[in-house]
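The structure under discussion appears below in the form of structure tokens.
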2 protein chains.
Amino acid sequence: MIVDKSMNAVAPQPLTRADEAFDCLQTAIVTGDLAPGEKIGEVELCARFKLTRGPLREALGRLESRGLLVRRPHAGVKVVSVSADELMELYRIREAMEGLAARQAAERMTDQEIADLQATLDSHETMIEEARGQAYYQAEGDYDFHHRIATGSRNAKLAQMLLGDLYYMVRMYRYRLSTSSGRPHRALGEHRRIVEAIAQRDGELAEFLMQRHINAARKNIEQKISDGLLDI
Amino acid sequence: MIVDKSMNAVAPQPLTRADEAFDCLQTAIVTGDLAPGEKIGEVELCARFKLTRGPLREALGRLESRGLLVRRPHAGVKVVSVSADELMELYRIREAMEGLAARQAAERMTDQEIADLQATLDSHETMIEEARGQAYYQAEGDYDFHHRIATGSRNAKLAQMLLGDLYYMVRMYRYRLSTSSGRPHRALGEHRRIVEAIAQRDGELAEFLMQRHINAARKNIEQKISDGLLDI
DNA sequence: ATCGCAATGATTGTCGACAAAAGCATGAAT
DNA sequence: ATTCATGCTTTTGTCGACAATCATTGCGAT
């Protein structure tokens, strides 16, 4: 029984209300418009996003199974609030999964994709040097880099778990932490070395460098938290 | 801002229709009652599981975001069908994530949990020796072992992703593959060595052994597929 | 005979109303 | 004064009907 891979392709254009609701709520949670720990009623959400309860409930179910909010029957929904420890655990998961992604990306990315990835880093560099984009780099540029590697792994489930589950939770804290300091420069250098390894098709090295990169990011946040510079 | 970890606790007892629908559909997919690739209408599902469309749709949304079925707007839902390649990719993800789980379990499991884990393996051994439980061991016993290690990692998100996302997809194929041969004995030996490493609190070794264990399982399936012994 | 178009049928997406459960406040009893 | 019970209010869970969209089938034209 041969199965066509493309059968499980991504959903096409027709956006349904439930999809809109899902996107709205997701960005609202990530950007902090809906604060962690905040308990919020369905009717209030309907009014806020101009929706009816049907699509809204469907979106809430999806958000719940992705771990962005918790729902207690008959008691309402609440945005998840992850502790500092749990954030560290997220980084440990990223270390393992993105290491794999980097290794597979080194084996499977096309030459074109690698060139695009290098071009992306170039634009990041100019942004940092012009000193007006540190926040942007930290927030979106970094996400962009990891996004490309996740999809470049050609591992659909891996990309789905990374992009659909983990990154949203991490980005949720990027918004309020906006950790900068001297990391952007170091992070860019680490990114460059990872891409180099990928360009040389050295999967093992790419995996190692990616793991070390994420481990460094984790330690950076951990340090700031223990110094009291960051509240979570 | 101190956040109470227990805030994101598991849902309590009150089961709602949507939860029932979710469980029903999930087991139906895993056991193969709903065949992969099968296109199925909402009203048919309602009749089959004695539900109304409201809770059903909510369950469908959850199943979709977990990757167990795909939904094209206005065109119905379809059970996912993963190719042989995609199954191999799942094992690669497991290798990375369960390696991490084993390492953290070695660092964090209680002595009681480790004793329980060893007892579990003992019961598996008697089951295999009595030769009447190979299929059971392969199907449920193995799942039991990995389940305990995932929760023993004390990494809530990791356990959620492993138990909620990956295992269901793997179990879905366990049912129809029922791969046995001489693996059960070897697998049990590998399990024992992993637990030994955990009992000695040797996280690195536990991680290495777990990765090798899953890698061996993957190669075993890969071999059978290329030999034409297994259809997917 | 085959291809394209249109109308019909079926299925999904959406909406509003009803019912059930939980939370809260008030009041009474210890 | 504190605690428990009871009623009310609010919110969630559920249901059935309506509207929008897609798939199919039949007809006509080339």
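Lettering follows sequence order; numbering is per chain, from 1.
- The backbone N or O of A:E86 lies less than 3.5 Å from a partner atom in the side chain of A:S83, making a donor-acceptor pair.
- For B:H74, counting side-chain heavy atoms from C-beta on, the closest listed nucleotide (D:dT14, C:dG13, C:dT14) is C:dG13.
- The nucleotide whose nearest atom lies closest to any side-chain atom of B:P55 is, among C:dG23, D:dG13, D:dT14, D:dT14.
- A straight line from CZ of B:R53 to P of D:dA17 spans 12 Å, rounded to a whole angstrom.
- Within 4.0 Å (heavy atoms only), B:G54 reaches no atom of the nucleic acid at all.
- Taking 4.0 angstrom as the limit, B:R57 places a side-chain polar atom (N or O) nearer than this to OP1 or OP2 of C:dG13.
- Looking at B:R71, its side chain has no donor and acceptor atom pair within 3.5 Å of the base of C:dG13.
- B:L56 has its CG atom 14 Å from the P atom of D:dG16, to the nearest Å.
- Here D:dT14 presents its P atom at 8 Å from CD of B:E58, a figure rounded to the nearest Å.
- A close approach under 4.0 Å does occur between a side-chain nitrogen or oxygen of B:R72 and OP1 or OP2 of D:dA23.
- In this structure, CZ of A:F49 is placed 19 Å from C1' of C:dT14, rounded to the nearest angstrom.
- Residue B:D19 contributes atom CG, which lies 13 Å from atom C1' of D:dT12 at whole-angstrom precision.
- When the options A:K219, A:R218, A:K224 are evaluated for a salt bridge (Lys or Arg N to Asp or Glu O under 4.0 Å) with A:E222, the one that passes is A:R218.
- Between B:R17 atom CZ and D:dG16 atom P there is a gap of 11 Å when expressed in whole angstrom units.
- No hydrogens or angles considered: a donor-acceptor pair under 3.5 Å links the side chains of A:H191 and A:D142.
- Straight-line distance from the CG atom of B:L60 to the P atom of C:dT11: 15 Å, rounded to whole Å.
- Both tests do not hold together for A:R171 against A:Y167: distance to the six-membered ring centre under 6.0 Å, angle to the ring axis within 45°.
- For the pair A:A75 and B:T52, both in contact range of DNA chain D, the more 5′-proximal nearest nucleotide belongs to A:A75.
- Atom CG of B:L45 is separated from atom P of C:dT11 by 12 Å (rounded to the nearest Å).
- Between B:E44 and B:F49 the shortest side-chain heavy-atom distance does not fall below 4.5 Å.
- Put simply, B:T16 has a side-chain N or O that comes within less than 4.0 Å of OP1 or OP2 on D:dT14.
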